[in-house]
Amino acid sequence: MLDAHTRSGGTATAAPPAAATELLLPVPVAPVPALATANAAPAAAVARWARVLLSPWSRFSLLVALLAAAGASVLLFEPQRLLADGWPPQLGGASAAVVFAVAYGLCTVAFVPRPLLNLAAGALFGSQLGLGAALAGTVLGAGFAFGLGRMLGQDALRPLLRGRLLTAADGQLSRHGMRSMLAARLFPGLPFWGVNYCAAISRMGWVPFLLATALGSIPNTAAYVVAGAQASAPTSPAFLIALAGIALPMVAAAVLTWRKRHHLRGRKTR
């Protein structure tokens, strides 16, 4: 009921305003979506495993595994049977030479000796086409090995180049790549695959490496290819010249190595 003052026409007294704290409504906090939380852990795990797999030593381990598998495949398939069994009869002419060049390159990566492959090229395709196929296979094989070593082995092995001999070899290949690689290809005592991977670990460029490989491999490759092509006529002048082209660089390399070793021993004794 209204009081007397209100009934007489006065203004009713208003109730005091509510406290400010009573007017504040609680703001609900949006919960973190469960899907985002669930995806964060797998993403972090994937990133961590990617860093491990792409680390230098992981890639170097992959290179070692690939080379071991390549060597095992050589022992299993025995590519030297090309000299005895010949090329598959369904392949002939230029197409066979192209296939042989690709197979040649893969075999050199798998440590098959190049003299054996060069003899097979001459026996299968003759002197001219065999020389072209062998040189193409040489450059392909060198490029395969150089690319594998550069991508999978360089980052892991370069920090290990601390010895004086290794540092000098790396500096020679890095600063004088064309000249050094040309000399290495002409020198018959150095293994083909070893030179490839040493160049890959250095800072040598692709163009001088491949160009020096192609030019420096011509004399030795031609001698073996001609010997393979003329193997049925061992008394022919071409076969004898090819044998001389194989033997003389080996003798010269042996003499040079002996003199170099003798010179180094003389310096140590002083």
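Just so it is clear, the values below take in all heavy atoms, side chains as well, and ignore hydrogens, waters and symmetry mates.
Atom OH of residue Tyr197 and atom OG of residue Ser202 lie 14.5 Å apart, to the nearest 0.5 angstrom.
Screening residues 170-192 for ring-ring contact (aromatic ring centres under 6.0 Å, His included) gives no qualifying pairs among residues at least two apart or on separate chains. Among residue pairs with one or both ends in residues 106-119, those qualifying as side chain to side chain donor-acceptor pair (under 3.5 Å) are Tyr104-Arg114, Tyr104-Asn118, Arg114-Thr138, Arg114-Thr221; sequence neighbours excluded.
The heavy-atom pair separating Ala145 from Asn196 by the smallest distance is CB-CB, 3.7 Å. Here the shortest heavy-atom pairing between Gly216 and Leu186 reads O-CD2, 3.4 Å. Taking all atoms of both residues into account, the shortest heavy-atom contact from Phe100 to Ala133 is CD2-CB, 4.0 Å.
Residues Val102 and Val109 share a single hydrophobic cluster, defined by chaining ILVMFWY side chains whose heavy atoms lie under 4.5 Å apart. Both Met181 and Phe146 are part of a single hydrophobic cluster, where members link through side-chain heavy atoms under 4.5 Å apart. Val139 and Leu135 are assigned to two separate hydrophobic clusters, defined by single-linkage of ILVMFWY side chains at heavy-atom distances under 4.5 Å.
Residues forming a side-chain contact (heavy atoms from CB on, under 4.5 Å) with Leu152 (at least two apart in sequence, or on another chain): Arg59, Leu62, Leu63, Leu66, Leu148.
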Without placing hydrogens or testing angles, list every side-chain donor-acceptor pair under 3.5 Å for residues 204-215, not counting sequence neighbours.
| residue | atom | partner | partner atom | Å |
| --- | --- | --- | --- | --- |
| Thr213 | OG1 | Arg185 | NE | 3.2 |
| Thr213 | OG1 | Arg185 | NH2 | 3.2 |
| Thr213 | OG1 | Phe209 | O | 2.7 |

Tell me which donor-acceptor pairs under 3.5 Å the side chains of residues 119-131 have, and how far apart each pair is, sequence neighbours excluded?
none

Contacts table for residues 224-245: side-chain donor-acceptor under 3.5 angstrom, sequence neighbours left out:
| residue | atom | partner | partner atom | Å |
| --- | --- | --- | --- | --- |
| Ser236 | OG | Ala233 | O | 2.8 |
| Ser236 | OG | Phe239 | N | 3.4 |

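Taking the side chain as every heavy atom from C-beta outward, Leu117 and Cys107 approach each other to under 4.5 Å.
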